[in-house]
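Positions are given from 1, in the same order as the sequence printed here. As the structure is a prediction and not an experimental result, all values here were calculated from the model. Order of appearance sets the numbers: ligands from 1, and atoms from 1 within every ligand.
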Amino acid sequence: MNEIACPICASHLNIRMAKGRTSNKPFIMLICPKDGRHFRAFISDQTYINKVLEEKAKGMGEG
Ligand SMILES: [Zn+2]
């Protein structure tokens, strides 16, 4: 997964996995670690999410 920087403070965005309450589908949330008002985004493309999940399961040394 590409690192994405906050457009305001240039911090690398935190990537969080979450699940939709009603749909129960996983999605990815990108949020600025310094201030959630800076940047917040959601990815709900299931193909992409599955790919990210697989990569996370493979290599756990991301830091
Ligand atoms: Zn920021």
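The closest side-chain heavy-atom distance from Met29 to Ile15 is not below 4.5 Å.
Side-chain atoms of Gln46 come within 3.5 Å of backbone atoms of Pro26 as a donor-acceptor pair (strictly under, hydrogens ignored).
Taking Asn14 as the reference, Arg16, Ile31, Pro33 meet the side chain to side chain contact (heavy atoms under 4.5 Å, CB included) condition, with sequence neighbours excluded. Residues satisfying the side chain to side chain contact (heavy atoms under 4.5 Å, CB included) test with Arg21, not counting sequence neighbours, are none.
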Could you walk me through whether Tyr48 and Ile28 pass the side-chain contact (heavy atoms from CB on, under 4.5 Å) check? CA-CA 10 Å; Tyr48 179 76; Ile28 291 172; 4.1 Å; yes

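For residues 27-41, the set of pairs meeting the salt bridge (Lys or Arg N to Asp or Glu O under 4.0 Å) definition, not counting sequence neighbours, comprises Asp35-Arg37.
Below the 2.8 Å limit, the Zn ion (ligand 1) has as protein N, O or S neighbours Cys6 SG, Cys9 SG, Cys32 SG, His38 ND1.
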